[in-house]
Amino acid sequence: MPFRLLIPLGLLCALLPQHHGAPGPDGSAPDPAHYRERVKAMFYHAYDSYLENAFPFDELRPLTCDGHDTWGSFSLTLIDALDTLLILGNVSEFQRVVEVLQDSVDFDIDVNASVFETNIRVVGGLLSAHLLSKKAGVEVEAGWPCSGPLLRMAEEAARKLLPAFQTPTGMPYGTVNLLHGVNPGETPVTCTAGIGTFIVEFATLSSLTGDPVFEDVARVALMRLWESRSDIGLSLIGDIDNAMRTFLNYYTVWKQFGGLPEFYNIPQGYTVEKREGYPLRPELIESAMYLYRATGDPTLLELGRDAVESIEKISKVECGFATIKDLRDHKLDNRMESFFLAETVKYLYLLFDPTNFIHNNGSTFDAVITPYGECILGAGGYIFNTEAHPIDPAALHCCQRLKEEQWEVEDLMREFYSLKRSRSKFQKNTVSSGPWEPPARPGTLFSPENHDQARERKPAKQKVPLLSCPSQPFTSKLALLGQVFLDSS
């Protein structure tokens with residue numbers, strides 16, 4: 001009774017502690033500087049090919065050297081690649097693209113767009129670029145990061161998605177027409193990712209713009225999803241040892257084919273019919289980057305090396321990099337997904353660039369004056385959305401009209417540093433916690449008139465111990481979207 005495994009499966013390596021040592025001293029690890037330059041060359045081969053052959057279409061068709069619209073009609077690859085430009089250090093091109101996007105992108109179009117993809121690629125890409133604009137040398141307007149052209153574009157795009165959330169459950173439809181809203185015959189079938197990931201982008205929008213509607217709809221959708229969860233649960237977060245074992249299994253498959261097939265039959269050790277392709281997905285490379293930050297294991301750099309070598313050997317063509325249609329014979333398909341530049345190349349570069357600003361540990365930061373007071377940005381702790389667009393969590397508190405959240409953040413920071421100082425003591429006596437439960441309703445905001453009284457009534461915070469998560473057996477993680485499938489045979 002064989003298992004069937006859908007690849008890629010998220011290894012849930014987020015929130016892992018950083019590793020502060022160097023790779024093994026035996027010299028066996030690939031040279032990071034060499035592969036940084038190789039990855040950078042990959043990016044520009046793909047990026048320049050898109051600009052020369054496909055812009056302003058959404059994506060490049062690398063075999064015919066032209067472009068086509070895929071998820072909408074808003075120069076998707078250019079939006080998706082924008083923050084990658086800065087991560088690679090190209091501030092001049094970042095600045096140029098910001099101007100191009102303002103002049104060329106229009107969301108008032110009669111197009112049926114994926115709610116999920118538009119959110120993670122367009123809204124997420126614009127928000128990330130907005131928050132990185134000052135670092136990229138863009139002359140930001142007064143009031144930034146609480147205002148700015150990219151923020152307004154992100155808000156405009158997100159408003160086009162709001163009609164999708166008008167459902168009996170609050171969980172959004174999968175498709176919306178950007179001009180007319182949800183089509184009357186739209187299917188109610190959607191996926192869990194298309195429900196639960198909006199909280200990152202929409203809560204950021206609400207925090208920066210002051211309009212609570214985005215966070216409200218995303219929070220309701222997330223809570224309804226949580227209430228509909230299965231009994232399997234999620235207990236993988238922070239489980240480094242099992243994450244590494246899982247990773248090594250995937251890496252074995254990569255070495256077998258030079259990429260990861262969409263499906264893989266474990267007992268037969270081979271691909272599944274009609275699921276033999278590899279569209280240059282990033283998930284295994286993403287996991288390698290997180291795990292390397294946590295462990296410093298040079299095996300993870302070897303995966304990065306193998307990814308660069310195999311993608312260049314199999315997928316590189318004159319006009320970019322082509323999706324691998326069949327890993328058995330390395331036939332190619334005429335498409336280069338925008339996530340190749342947004343995610344795959346980005347995670348590869350970050351794997352080989354340990355001093356990138358994205359990996360900042362808080363030792364450096366920028367102080368910014370906003371209409372609501374001083375704000376600290378760029379201190380690290382970036383949260384990647386589903387499309388690998390980094391969001392600076394500190395920015396969420398730059399534009400608060402009320403002081404209540406500022407007090408809460410100050411309390412959390414004091415508590416964090418208190419825990420950090422006594423970390424070794426707590427690690428010996430870690431307390432396991434139960435599964436997370438969502439709040440009964442969204443948090444109550446306080447009005448300016450009563451915030452002083454609210455602060456006085458605020459109860460003393462209890463000391464919170466470090467959390468640990470229960471571990472599942474390794475075999476239970478070989479699953480299809482969190483579920484194990486058995487075939488009768």
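Numbers for residues simply follow the sequence, beginning at 1.
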(request) Can you measure from CD1 (I285) to CG (L303) and round to the nearest 0.5 angstrom? (result) 6.5 Å
(message) One pair to check against side-chain contact (heavy atoms from CB on, under 4.5 Å): F74 and V111. What are the steps and the verdict?
(response) CA-CA 10 Å; F74 19 67; V111 167; 5.8 Å; no
(request) May I ask you to test the M244-L291 pair for a side-chain heavy-atom distance under 4.5 Å? (result) yes
(request) Without swapping roles, check the side chain of T370 against the backbone of C398 for a donor-acceptor pair under 3.5 Å. (result) yes
(message) Given 3.5 Å as the limit, does a donor-acceptor pair link the side chain of T167 with the main chain of M171, or not?
(response) yes
(request) With the side chain counted from C-beta on, respond yes when D326 and D333 share a heavy-atom pair under 4.5 Å apart, and no when they do not. (result) no
(request) With the side chain counted from C-beta on, respond yes when N183 and Y173 share a heavy-atom pair under 4.5 Å apart, and no when they do not. (result) no
(request) May I ask you to test the R159-V213 pair for a side-chain heavy-atom distance under 4.5 Å? (result) yes
(request) Considering non-hydrogen atoms only, spot the tightest contact between S133 and V140 and give its length. (result) CB-CG1, 4.1 Å
(request) Check the pair E227 / R224 against salt bridge (charged side-chain N to carboxylate O under 4.0 Å, His left out), numbers first and verdict last. (result) CA-CA 5 Å; E227 292 166 0; R224 297 294 87 80; 2.7 Å; yes
(message) Checking side chain to side chain donor-acceptor pair (under 3.5 Å) between R281 and each of E337, E343, E262, which is the one that passes?
(response) E262
(request) Could you tell me whether a side-chain N or O of S114 sits under 3.5 Å from a main-chain N or O of W71, the two making a donor and an acceptor? (result) no
(request) Report yes or no: do Y349 and N356 form a side-chain donor-acceptor pair below 3.5 Å? (result) no
(message) Tell me the closest heavy-atom pair linking I383 and P393, and the distance in Å.
(response) CD1-CB, 4.1 Å
(message) How about C399 and C146 - are their SG atoms less than 2.5 Å from one another?
(response) yes
(request) State whether the number of non-hydrogen atoms from other residues, nucleotides or ligands found under 6.0 Å of F365 atom CZ is greater than 12. (result) no
(message) What's the separation between atom CD1 in I324 and atom CD1 in I311, rounded to the nearest 0.5 Å?
(response) 7.0 Å
(request) With side-chain contact (heavy atoms from CB on, under 4.5 Å) as the test, would you mind laying out the steps for M223 and W226 before giving the verdict? (result) CA-CA 5 Å; M223 291 168 64; W226 178 258; 5.5 Å; no
(request) Report yes if the distance between the aromatic ring centroids of Y278 and W254 is under 6.0 Å, otherwise no. (result) yes
(request) Please list, chain by chain and in numerical order, all residues satisfying salt bridge (charged side-chain N to carboxylate O under 4.0 Å, His left out) with D83, sequence neighbours excluded. (result) K346
(message) Donor-acceptor check, side chain of N90 to backbone of L85, threshold 3.5 angstrom: yes or no?
(response) no
(message) A side-chain contact here means heavy atoms from C-beta on lying under 4.5 Å apart; do Y264 and N249 qualify?
(response) no
(message) With a 4.0 Å cut-off on N to O distance, would you call D58 and R121 a salt bridge?
(response) no
(request) Taking all non-hydrogen atoms of both residues into account, name the closest pair between A157 and V123 and its distance. (result) CB-CG2, 4.0 Å
(request) Measure from the ring center of F202 to the ring center of F165 and say whether it is less than 6.0 Å. (result) yes
(message) Quick check on side chain to side chain donor-acceptor pair (under 3.5 Å): which of T299, D306, T246 does Y251 satisfy it with?
(response) D306
(request) Give the intermediate values and the outcome of side-chain contact (heavy atoms from CB on, under 4.5 Å) for residues Y250 and S287. (result) CA-CA 10 Å; Y250 283 96; S287 298; over 6 Å; no
(request) Please report the shortest heavy-atom distance between E59 and A54, naming the atom on each side. (result) O-CB, 3.8 Å
(request) Applying side-chain contact (heavy atoms from CB on, under 4.5 Å), run through L151 and L205 and close with a yes or a no. (result) CA-CA 8 Å; L151 177 60; L205 263 178; 3.9 Å; yes
(request) Measure the NE2-CG distance between H397 and L377 for me, rounded to the nearest 0.5 Å. (result) 11.0 Å
(message) Rounded at 0.5 Å granularity, tell me how far CE in M42 sits from OG1 in T344.
(response) 8.5 Å
(message) Looking at P145, is its backbone amide N or carbonyl O close enough to the side chain of H130 to form a donor-acceptor pair, meaning the two atoms are under 3.5 Å apart?
(response) yes
(request) Report yes if the side chains of V200 and I391 come closer than 4.5 Å at any heavy-atom pair, otherwise no. (result) yes
(request) Search all heavy atoms of P56 against all heavy atoms of Y50 and return the closest pair with its distance. (result) C-OH, 4.1 Å
(message) Taking the side chain as everything from C-beta on, heavy atoms only, tell me whether I195 gets closer than 4.5 Å to P172.
(response) yes
(message) Do the side chains of E156 and K160 get close enough for a salt bridge, i.e. N-O under 4.0 angstrom?
(response) no
(request) Kindly write out the residues that satisfy salt bridge (charged side-chain N to carboxylate O under 4.0 Å, His left out) with D366, not counting sequence neighbours, or none if the list is empty. (result) none
(request) Spell out, as yes or no, whether a donor-acceptor pair under 3.5 Å connects the side chain of Q102 to the backbone of V98. (result) yes
(message) Using a 3.5 Å distance criterion without hydrogens, assess whether the side chain of D353 forms a donor-acceptor pair with backbone atoms of R36.
(response) no
(request) Step through the shown structure and confirm whether more than 12 heavy atoms of other residues, nucleotides or ligands are within 6.0 Å of CZ on R275. (result) no
(request) Measure the OG1-CZ distance between T77 and F57 for me, rounded to the nearest 0.5 Å. (result) 12.0 Å
(request) May I ask you to decide if H389's main-chain N or O and S128's side chain share a donor-acceptor pair within less than 3.5 Å? (result) no
(request) Identify the two heavy atoms, one from V368 and one from W144, that lie closest to each other, and give their separation to 0.1 Å. (result) CG1-O, 3.9 Å
(message) If the condition is salt bridge (charged side-chain N to carboxylate O under 4.0 Å, His left out), which residues does E186 pass it with, not counting sequence neighbours?
(response) none
(message) Measuring only between side-chain heavy atoms, which start at C-beta, is F198 closer than 4.5 Å to V115?
(response) yes
(request) Could you grab the distance from atom CD of E286 to atom CG of L348, nearest 0.5 Å is fine? (result) 11.5 Å
(request) Report yes or no: do Y47 and E93 form a side-chain donor-acceptor pair below 3.5 Å? (result) yes
